[in-house]
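Notes for the one structure printed next.
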Amino acid sequence: MTSQPVPPVGVVTVTYSSGEYLHNFLRTLKTATTAPVQVIIADNGSDDGAPEAAAAADPAVTLVDTGGNLGYGGGMNRGVAALDPDVEFIVIANPDIEWSPGSLDELLAAARRWPRAGALGPLITEPDGTVYPSARRVPDLVSGTGHALLGKVWKNNPWTVRYRNEDAALVERPVGWLSGSCLLVRRAAFDSIDGFDSRYFMFMEDVDLGDRLSTAGWLNVFVPSAVAMHAKSHSVSRHPERMIAAHHDSAYRFQADRHPGPAWAPVRWGLRAGLAVRAKLEIAAALRAQAADSASTEEER
């Protein structure tokens with residue numbers, strides 16, 4: 001009997017001048033799986049030449065110019081649309097992810113164990129080895145608001161603790177949502193909910209995706225036997241004023257979408273006002289820190 005060829009795994013990443021991060025992403029991907037891969041780089045307007053260099057160096061890598069900065073979800077949707085139609089499983093990942101050997105094969109094996117898994121996520125670590133809380137509960141109005149307003153000033157408040165779900169055991173299990181920094185999604189599940197909601201420019205698009213997958217009857221499964229490292233936030237650190245504003249806009253959109261209609265209008269107004277104040281305070285603090293870092297760098301020269 002002639003064996004059937006193994007279908008490729010689609011790997012989609014969105015770049016925005018990601019530089020060396022993209023190189024490390026592709027380098028470590030080579031040992032993450034034994035399956036053939038088709039890599040799509042959906043570029044949102046890089047000016048560093050890294051996406052072009054990656055595509056020129058590897059025939060398995062295709063560069064898709066999105067035509068502008070569509071945000072993370074919008075860029076991902078464009079990248080997924082460029083994959084071959086026979087791709088059943090799709091990796092959705094930031095370019096600043098570094099894969100542990102065999103980690104993608106672990107996710108693929110878990111997908112076979114969980115046939116109703118629409119999304120599966122690895123254990124994600126920080127560069128220093130700290131475990132990032134990537135498998136969380138979906139925030140309701142109370143816990144989401146409490147975390148948004150108090151998470152920075154009172155880190156152990158009960159709403160943040162509940163939302164981040166950090167005390168849960170590191171075992172394979174269904175969860176509310178998984179970090180979009182590194183996901184394996186079943187294409188049938190992704191297509192069934194029309195992918196990411198592109199209204200989310202950045203942040204919360206993964207919370208929204210996980211919540212809509214659950215509503216559609218799919219599972220979000222945490223797979224800690226697969227490990228990936230997330231370098232984190234290189235775009236956020238360069239443009240704190242834009243990224244912080246986008247984060248707060250997305251937090252409002254998530255709750256407003258789930259609390260529509262006139263009866264919830266006062267709650268939406270209060271939430272918008274509170275998040276606007278919090279965003280201004282965070283932006284001011286981030287810009288002061290950025291200015292202090294620049295001044296310190298100048299003094300050292």
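The analysis underlying the following values was restricted to heavy atoms, covering all of them including side chains, and did not include hydrogens, waters or symmetry mates. Sequence positions, counted from 1, serve as the residue numbers for this chain.
Judged purely by atom type and a 3.5 angstrom limit, Asp48 uses its side chain to pair as donor or acceptor with the backbone of Gly19. Looking only at distances, no side-chain donor or acceptor of Asn24 sits under 3.5 Å from a matching main-chain atom of Glu98. With hydrogens and angles disregarded, a donor-acceptor distance shorter than 3.5 Å links the side chain of His259 to the backbone of Gln255. Judged purely by atom type and a 3.5 angstrom limit, Thr66 has no side-chain atom pairing as donor or acceptor with the backbone of Gly75. A donor-acceptor distance shorter than 3.5 angstrom exists from the side chain of Thr13 to the backbone of Ala93, with no hydrogens or angles considered. With hydrogens and angles disregarded, a donor-acceptor distance shorter than 3.5 Å links the side chain of Ser17 to the backbone of Asp47. The backbone N or O of Gly45 lies less than 3.5 Å from a partner atom in the side chain of Asp43, making a donor-acceptor pair. Put simply, the side chain of Asn220 never gets that close to the backbone of Ala119: no donor and acceptor are under 3.5 Å apart. Formation of a donor-acceptor pair under 3.5 Å by the Arg268 side chain with backbone atoms of Gly261 is found in this model.
Contact of the Phe25 side chain with the Val11 side chain is registered, since non-hydrogen atoms from C-beta on lie closer than 4.5 Å. Using a 4.5 Å heavy-atom threshold, the side chains of Leu70 and Phe201 count as separate. Proximity of Arg258 to Asp208: side-chain heavy atoms (C-beta onward) are separated by under 4.5 Å at one or more points. By the 4.5 Å heavy-atom criterion applied to side chains, Val91 and Trp99 are counted as neighbours. With a 4.5 Å cut-off on side-chain heavy atoms, Ser18 and His23 do not count as touching. Using a 4.5 Å heavy-atom threshold, the side chains of Arg199 and Asp257 count as touching. Side-chain contact between Val14 and Asn44 is present, with heavy atoms from C-beta onward closer than 4.5 Å. Side-chain atoms of Asp197 and Arg212, non-hydrogen and from C-beta on, do get closer than 4.5 Å to each other.
The CZ atom of Arg272 sits 8.5 Å away from atom CZ of Arg253, with the distance rounded to the nearest 0.5 Å. Taking OG from Ser250 and CE from Met202, the interatomic distance works out to 9.0 Å, rounded to the nearest 0.5 Å. A distance of 10.5 Å separates CG of Asn77 from CD of Glu205, quoted to the nearest 0.5 Å. Expressed to the nearest 0.5 Å, how far OG1 of Thr15 lies from CD of Glu52 amounts to 8.0 Å.
Checked by atom type, the side-chain pair Ser214/Asp211 shows no donor-acceptor distance below 3.5 Å. No donor-acceptor contact under 3.5 angstrom links the side chains of Asp206 and Tyr200, judged on distance only. At a cut-off of 3.5 Å, with distance as the only test, a side-chain donor of Glu106 or Ser225 sits close to an acceptor on the other residue.
By the rule that hydrophobic residues join a cluster once side-chain heavy atoms approach within less than 4.5 Å of another member, Val61 and Leu104 end up as members of one cluster. Hydrophobic clustering (side-chain heavy atoms under 4.5 Å, transitive across Ile, Leu, Val, Met, Phe, Trp, Tyr) keeps Ile92 apart from Val9. Residues Leu219 and Leu108 fall within the same hydrophobic cluster, defined by Ile, Leu, Val, Met, Phe, Trp and Tyr side chains chained together at heavy-atom separations under 4.5 Å. In the hydrophobic clustering of ILVMFWY residues, with side-chain heavy atoms under 4.5 Å counting as a link, Leu213 and Phe190 come out together. With hydrophobic clusters built from ILVMFWY side chains whose heavy atoms lie under 4.5 angstrom apart, Leu178 shares a cluster with Phe196.
Closest non-hydrogen pair, Leu63 versus Pro51, comes out as CD1-CB, 3.6 Å. Nearest heavy-atom pair across Glu126 and Met229 is O-CG, 3.7 Å. The minimum heavy-atom distance linking Pro122 with Ser134 is given by the pair O-OG, 3.6 Å. The minimum heavy-atom distance between Gln38 and Ala82, with the atom names listed, is NE2-O, 3.9 Å. Here the closest heavy-atom approach between residue Ala286 and residue Ile244 is recorded as CB-CD1, 3.8 Å. Shown here for Leu22 and Ala54, the closest heavy-atom pair between the two residues is CD2-CB, 4.1 Å.
Taking the ring centre of Phe222 as origin, the terminal cationic atom of Arg173 falls outside the region bounded by 6.0 Å and 45° from the ring axis. Seen from the ring of Trp177, Arg137 does not count as a face-on cation partner, given the 6.0 Å and 45° thresholds.
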- Message: Would His230 and Thr125 count as a side-chain contact (heavy atoms from CB on, under 4.5 Å) here? Give the steps.
- Response: CA-CA 6 Å; His230 189 195; Thr125 65; over 6 Å; no
- Message: Apply side-chain contact (heavy atoms from CB on, under 4.5 Å) to residues Leu123 and Val131 and explain how you reach the verdict.
- Response: CA-CA 7 Å; Leu123 184 148; Val131 174; 4.1 Å; yes
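Residues forming a salt bridge (Lys or Arg N to Asp or Glu O under 4.0 Å) with Lys30 (at least two apart in sequence, or on another chain): Asp58.
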Can I get a per-line list of side-chain donor-acceptor pairs under 3.5 Å for residues 180-189, giving both atom names and the distance, sequence neighbours left out?
unit_1	atom_1	unit_2	atom_2	d
Ser181	OG	Ser179	OG	2.8
Arg186	NE	Ala117	O	2.9
Arg186	NH2	Ala111	O	2.9
Arg186	NH2	Trp114	O	2.9
Arg186	NH2	Ala117	O	3.4
Arg187	NH1	Asp84	O	2.7
Arg187	NH1	Val87	O	3.4
Arg187	NH2	Val80	O	3.3

